[in-house]
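Step one of this worksheet: look at the structure below.
Whatever order the structure lists ligands and atoms in, that order sets their numbers, starting from 1. Predicted, not measured: the structure shown is a model, and the values here were computed from it.
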Amino acid sequence: MTTTPTPEQADVVIIGAGFAGLTAARELRQAGLKVIVLEARDRIGGRTWLDDRLGRPLEMGGTWVHWTQPYVWAEMKRYGLGTVQSPVPERAYWWAAGQRHEGTPDQLLGEIDEPNRKLVQGSRNYFPQPFSPFTSTEIKSIDEVSLPDKFIELGLSEYSRDILESFWALNFNGPVAGAAFTQALRWVALTNGDWMVNFEACATFKIQGGTGKLINGIAAGTDVRLGTTVASVNYAADKATVSTTDGGTFEAGYVISTLPLGALGAVEFEPSLPAQEQTAINEGQISKGIKVWITVKGEVKPFVALGSAEWPLNFAQAEYDQDGNTILVAFGPDTARLDGADKAQVQVALDLLVPDLEVLDVASHDWTNDPLARQTWPMHRTGFLTESLPGFQQQHGPLLFAGSDFANGWGGFIDGAIESGLEAARTIANQHLA
Ligand SMILES: Cc1cc2nc3c(=O)[nH]c(=O)nc-3n(C[C@H](O)[C@H](O)[C@H](O)COP(=O)(O)OP(=O)(O)OC[C@H]3O[C@@H](n4cnc5c(N)ncnc54)[C@H](O)[C@@H]3O)c2cc1C
């Protein structure tokens, strides 16, 4: 005779041990609640992962932080962590109007500046309070506008369009077709309308000791069950029941899902999620690109390169000196165009971007085909902001969604993950202690 195991009880079950889940767990534990975190991977950190590759610790996922990001900045202060700066580039390469161009990094920034300022000039009008994205009712009228729509409207030259398209394919880590103009405006509003500060936020300052150091600090003392994959969440009653693929069951007054939008489709929700949320899950995010670390021969002077949005890699910068060689970090907008573990393929892709570099070794993680992510950093499609995000931000009885995909401010960043984890924890703590 088989017996059904007794469900394990907690005040709150949190699904996912990334920055959102572990921040929420710490806050709720400190409020005196019993919390269990269920994590499918054999490690914490989620889409941040400081791993030993190419002879040194390398960030396979989220990396850069910035002083304009209040939540991650406060956490770094709390755990006594400063920043380490990426090398300041001395040369720049870019591709536009069918040609490679070479100059100073300031020249490249200058080429991006004029068209990009025109593109994002309304950011603070549409997002007057960047951490409250729904303040202006005007956003509804532009949420179906895609970046390519805007490029046409701006009447850009071929040269400027090539540069701008690649710049935003880099930011979206995906092809810009279907990429929401509102998402671009949200990003830039967070740096008070200044796209250059925003660009600085994306690739300049790393966490001292890496993301691993920060996430370990946040996780300390939390009950995390690694290797535990959630199969279903029943939130029909005033309690939630969470079932795992290995037959485990957990009952809790609240459950917080911190899964990326792309990974939500693998979990069965009972009752089914509302239509707008389900549509968003089916469509997924735009960001299905790739990040690759590349060791190239010799000591290469720091550079930055922006290629065509059509290439397998459209951005690279020199990041570390390593035993007389140089480690580059590179991004491409479509993981289907490049196997980041294939040295020969990466050499061909890098040759397009920068002349005369010899690839010695490569390291990458394919987040887009990773069933626990199915995307890189969350970047929205047209319509997501006004049609789907409000639903995810609402409480569904005992079920709440948190995570970088559903943040108010720096959605897409570590900062947004922490913000949304704090928000979900505060909602629950207020109700639980009321
Ligand atoms: C390549 C890359 C580069 C990036 N660069 C930057 C950057 O430079 N700066 C920056 O701020 N941000 C960056 N980001 C984004 C940042 O890493 C994420 O926004 C943030 O880490 C997301 O945290 P989260 O807790 O919301 O989600 P996640 O970290 O994805 O956590 C969700 C967790 O849920 C787990 N999970 C999934 N399905 C299940 C299941 N069924 N059962 C149990 N567990 C499950 C996952 O394994 C994961 O651990 C980058 C991301 C990537 C991928």
Side-chain angles (χ1 to χ4, degrees), residues 13-25 37-50 58-66 68-69 71-73 86 170-171 173 187 201-207 211 214-215 218-219 224-233 242-246 248 250 255-269 285 287-293 329-332 335 340 364-368 370-379 401-407 409-421 424:
V13 164
I14 297 175
I15 313 172
F19 271 95
L22 292 174
T23 302
V37 178
L38 307 177
E39 169 55 54
R41 300 183 197 275
D42 60 1
R43 59 168 183 85
I44 62 170
R47 277 172 287 165
T48 59
W49 181 19
L50 184 69
L58 289 177
E59 300 281 7
M60 306 312 293
T63 307
W64 289 279
V65 295
H66 198 254
T68 51
Q69 299 173 340
Y71 296 97
V72 69
W73 212 251
S86 289
L170 168 66
N171 287 339
N173 200 224
W187 267 37
C202 292
T204 311
F205 301 106
K206 298 171 280 192
I207 301 172
T211 54
L214 184 58
I215 199 80
I218 296 174
V224 183
R225 313 287 173 88
L226 295 177
T228 307
T229 304
V230 169
S232 68
V233 176
V242 177
S243 304
T244 59
T245 53
D246 59 5
F250 298 80
V255 59
I256 306 176
S257 165
T258 69
L259 307 197
L261 188 69
L264 275 171
V267 175
E268 191 186 328
F269 287 89
Q285 303 279 16
S287 35
K288 298 200 182 292
I290 190 162
K291 173 181 184 179
V292 190
W293 291 99
V329 63
F331 293 90
T335 200
S364 173
H365 178 74
D366 187 353
W367 299 98
T368 301
D370 176 338
L372 304 175
R374 297 236 178 265
Q375 61 184 69
T376 58
W377 58 90
M379 297 302 286
F401 289 95
S404 178
D405 289 61
F406 312 114
W410 288 89
F413 293 78
I414 295 167
D415 193 77
I418 295 170
E419 180 216 311
S420 76

Open item on the list: If the cut-off is 4.0 Å to any non-hydrogen atom of Thr229, which atoms of ligand 1 fall inside it?
Closed with: 41 (N), 42 (N)
- [ ] Please determine if Thr63 has a nitrogen or oxygen closer than 3.5 Å to a nitrogen or oxygen of ligand 1.
- [x] yes
TODO: Name the closest protein heavy atom to atom 40 (C) of ligand 1, giving the residue it belongs to and the distance to 0.1 Å.
DONE: Val230 N, 3.7 Å
Task: Which residue and heavy atom of the protein sit nearest atom 45 (C) of ligand 1, plus the separation - done: Leu259 CD2, 3.6 Å
Task: Thr228 and ligand 1 - part of the residue with a heavy-atom distance under 4.0 Å - done: backbone
Open item on the list: Checking a contact table here: which protein heavy atom is nearest atom 25 (O) of ligand 1, and how many Å away?
Closed with: Ala20 N, 2.9 Å
TODO: Taking only heavy atoms of Gly18 into account, list the atoms of ligand 1 that are under 4.0 Å away from them.
DONE: 25 (O), 29 (O), 31 (O)
TODO: Could you tell me which atoms of ligand 1, counted from 1 in the order shown, lie closer than 4.0 angstrom to a heavy atom of Gly403?
DONE: 26 (O)
Open item on the list: Is any side-chain heavy atom of Phe19 closer than 4.5 Å to one of Leu214?
Closed with: yes
Open item on the list: Any heavy-atom pair between the side chains of Thr376 and Phe331 that's under 4.5 Å?
Closed with: no
Task: Pairs involving residues 370-379, ordered by first then second residue, that meet salt bridge (Lys or Arg N to Asp or Glu O under 4.0 Å) (sequence neighbours left out) - done: Arg41-Asp370
Open item on the list: Just to confirm my output: which protein heavy-atom neighbour is closest to atom 35 (C) of ligand 1, and how far is it?
Closed with: Glu39 OE1, 3.3 Å
Task: Gln375 side chain near Asp405 side chain, heavy-atom distance below 4.5 Å - done: yes
Task: Residue and atom name of the nearest protein heavy atom (relative to atom 14 (N) of ligand 1), distance in Å to one decimal - done: Gly62 CA, 3.5 Å
Task: Nearest protein heavy atom with distance in Å, relative to atom 8 (O) of ligand 1 - done: Trp64 N, 2.9 Å
Open item on the list: Does the residue Pro260 have a heavy-atom contact with ligand 1, meaning some pair of atoms that are separated by less than 4.0 Å?
Closed with: yes
Task: Nitrogen or oxygen of Gly21 less than 3.5 angstrom from that of ligand 1 - done: no
Task: Enumerated ligand 1 atoms positioned under 4.0 Å from heavy atoms of Gly45 - done: 29 (O)
Task: Per-atom contacts, ligand 1 versus Thr48 - under 4.0 Å to a heavy atom - done: 17 (O), 21 (O)
Open item on the list: For atom 26 (O) of ligand 1, what is the closest protein heavy atom, and at what distance to 0.1 Å?
Closed with: Ser404 N, 2.7 Å
Open item on the list: I'd like to know whether ligand 1 has Val65 as a neighbour, heavy-atom separation below 4.0 Å.
Closed with: no
Open item on the list: Polar contacts were defined as any N/O atom of the residue lying under 3.5 Å from an N/O atom of the ligand; does this apply to Leu372 and ligand 1?
Closed with: no
Open item on the list: Below 4.0 Å from ligand 1: does a non-hydrogen atom of Thr245 turn up there or not?
Closed with: no
Task: Selected option - heavy-atom contact closest to atom 15 (C) of ligand 1, from Gly412, Gly227, Ser420, Pro371 - done: Gly412
Open item on the list: Is there a polar contact, in the sense of an N or O pair closer than 3.5 Å, between Ala40 and ligand 1?
Closed with: yes
- [ ] Could you pull out, from Thr211, Ile215, Thr376, Leu261, the option with a heavy atom nearest to atom 53 (C) of ligand 1?
- [x] Thr376
Open item on the list: Could you check whether any side-chain heavy atom of Trp187 comes within less than 4.5 Å of a side-chain heavy atom of Met379, counting everything from C-beta outward?
Closed with: yes
Open item on the list: Need the ligand 1 atom indices (1-based, order shown) with element for anything under 4.0 Å from a heavy-atom of Gly46.
Closed with: 29 (O), 48 (C), 49 (O)
Open item on the list: I'd like to check which ligand 1 atoms, numbered from 1 as shown, lie under 4.0 Å from a non-hydrogen atom of Gly16.
Closed with: 33 (C), 34 (O), 35 (C)
Distance-only donor-acceptor pairs under 3.5 Å for side chains of residues 409-416, two or more places apart:
residue, atom, partner, partner atom, Å
Trp410, NE1, Thr68, O, 3.3
Asp415, OD1, Tyr71, N, 2.8
Asp415, OD1, Val72, N, 2.7

TODO: Could you list the atoms of ligand 1 found under 4.0 angstrom from a heavy atom of Arg41?
DONE: 46 (C), 47 (O), 49 (O)
TODO: Among all protein heavy atoms, pick out the one at the shortest distance from atom 30 (O) of ligand 1; state its residue, atom name and that distance to 0.1 Å.
DONE: Arg47 NE, 2.7 Å
